[in-house]
There are 2 protein chains.
Amino acid sequence: MSDILTAGNLSFAPLYKRVKMRIMQRLTVGEWKPGEAIPSESRLTEEFQVSIGTIRKAIDELSAEKILVREQGRGTFVATHTEDRFLYYFFRIVDRNGVKIFPQSHMLSFRRMRADANQAERLQITRGARVIRINNLLKLGGKPVEIDEIILPAERFPGLTEEMLLTRSSTIYHLYQAQFGINVIRAAEKLHAVTADDETARILHLQKGSPVLGIARVAYTYNNLPVELRNSYVNTVDHDYFNDLGKSA
Amino acid sequence: MSDILTAGNLSFAPLYKRVKMRIMQRLTVGEWKPGEAIPSESRLTEEFQVSIGTIRKAIDELSAEKILVREQGRGTFVATHTEDRFLYYFFRIVDRNGVKIFPQSHMLSFRRMRADANQAERLQITRGARVIRINNLLKLGGKPVEIDEIILPAERFPGLTEEMLLTRSSTIYHLYQAQFGINVIRAAEKLHAVTADDETARILHLQKGSPVLGIARVAYTYNNLPVELRNSYVNTVDHDYFNDLGKSA
DNA sequence: TAGTGGTCTAGACCACGTG
DNA sequence: ACGTGGTCTAGACCACTAC
């Protein structure tokens, strides 16, 4: 990703890269929304006045980046945060047998506050800007496994209420998308082992002073724009964080 | 990867998939060795009697999987374990500022032994088969950060000696490749937080009972064949394990 | 049956690295 | 100057989905 495109200059980029960027632009402004089909390849040829091979190469890259999803015989769709996609890309906790199950989320608190220096820097907003802090407990198979502290820039989530989070039926990333048009497509995580503080230990049913896996995440939407901060602590007594290195998928 | 191909049946797979598999076959048997150039695309056209577009699509996938590396104007090469590649794909530890530096490895022990049930299962060998156990200490900027226990199936590493490991000048994956023709292309890791045992704490300059990040890795070569087991413990006081979710690269 | 994405071909021209 | 991979085109046919 770190090439001429992220640098902003695409005047001299290959045609298919420019087509790709024009498609991304239209996704960014919400012309084609998550779940919807984009125009067919042959229609895009007319629109962009390039050959179908060039269109295909642009879409190839976008679908490799999980921004678009192709379905033979049906069309090409803007990626949505279905449970599958969430489990596959953004939730890495597995049980001792390597099996991943869908977590149940329980909200512990919801509060509006101001960004401190660190949060502001990571979210690329000004210090003191309004943010929303959400604390969740995730259970797997009924057992408390992870606690999350989520920080959202309030400006990007206008009208977000506690009620909306309590009544949501699917993942929070799906809510960002459906309610605020924010499509999380990437996240960077830093993991470390720490001693659980007393409250964390209590909530995760661990003894005082137990080690937990800490995860600091920044989630991004199109154009590497940060939209969510998340600090998590995971009880890894019966679960692991799974990671596959060197895979393309 | 989990499609018709890994299932072994490729009679009805698309032509480019069959070409890809024929190329992989020749990599597996060592006809083209890491670092060497494979024949040019136009030469492969003659050899396989398919159009250049089909060859390109096959190579596209292999280079997306980091098995081949294209270099415009020069040719297409079998991927090698250079420092860059190692750092990028198989070494995830960064310092507090997110900067990755190349680790210095110090061998603590080298021993031949027999696989226990768990090792045998993960390496897909028979219980009691000969294995080699290597313990290394990794330092970053002179500070002890990670200890590794590496288990290798002896059969795949004939003639591996302590001496070879002590005198190697590059990464251990490079040694597997140069000395034994084994090219690690993928690894699966499970991470958890644990309390360091006393010896681990001592070696990593941690207080007794400190939390450390435990990593259990299985490394694979072509065709998902496991070739190395690795259990690591990382001092995450000044470092993190970095992971990028949802990226294609 | 019509429309979609998936495969495959054949050829032209460009950009790059090497001699 | 030559050979390499990179881009782009135009068209044919196949496989799948929906109506």
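In what follows, chains are A, B, ... by sequence order, proteins preceding strands, each numbered from 1.
- Of the two residues near DNA chain C, A/Ile52 and A/Gly73, the one whose nearest nucleotide lies more 5' is A/Gly73.
- Mapping A/Leu15 and B/Ser40 onto DNA chain D by nearest heavy atom places B/Ser40 closer to the 5' end of the strand.
- Judged by distance alone, the side chains of A/Glu228 and A/Tyr173 do bring a donor and an acceptor atom under 3.5 Å apart.
- Side chain to side chain, A/Ser40 and A/Ser42 meet the donor-acceptor criterion of an N or O pair below 3.5 Å.
- Both A/Thr76 and B/Val50 sit near DNA chain C, but only A/Thr76 has its closest nucleotide nearer the 5' end.
- When only modelled atom types and interatomic distance are considered, B/Asn183 and B/Gln177 share a side-chain donor-acceptor pair under 3.5 Å.
- By the 6.0 Å and 45° rule, B/Arg186 stacks over the aromatic ring of B/Tyr220.
- Annotation: of the two residues near DNA chain D, A/Arg74 and A/Lys57, the 5′-most nearest-nucleotide partner is A/Lys57.
- With hydrogens and angles disregarded, no donor-acceptor distance shorter than 3.5 Å links the side chain of A/Asp148 to the backbone of A/Asn231.
- When DNA chain C is scanned 5' to 3' for any atom under 4.0 Å from a heavy atom of chain B, the first and last hits are C/dT7 to C/dT18.
- Remark: aromatic rings of B/Tyr176 and B/His81 are distant, center separation not under 6.0 Å.
- A donor-acceptor pair under 3.5 Å is absent between the side-chain atoms of A/Glu65 and the main chain of A/Leu62, judged by distance alone.
- A donor-acceptor pair is defined here as one N or O able to donate and one able to accept, closer than 3.5 Å; no such pair exists between the side chain of A/Lys66 and the backbone of A/Arg85.
- The overall bend of the helix from C/dT1-D/dA18 to C/dT18-D/dA1, read as the angle between its terminal helix axes built from five base pairs each, is 10° when rounded to 10 degrees.
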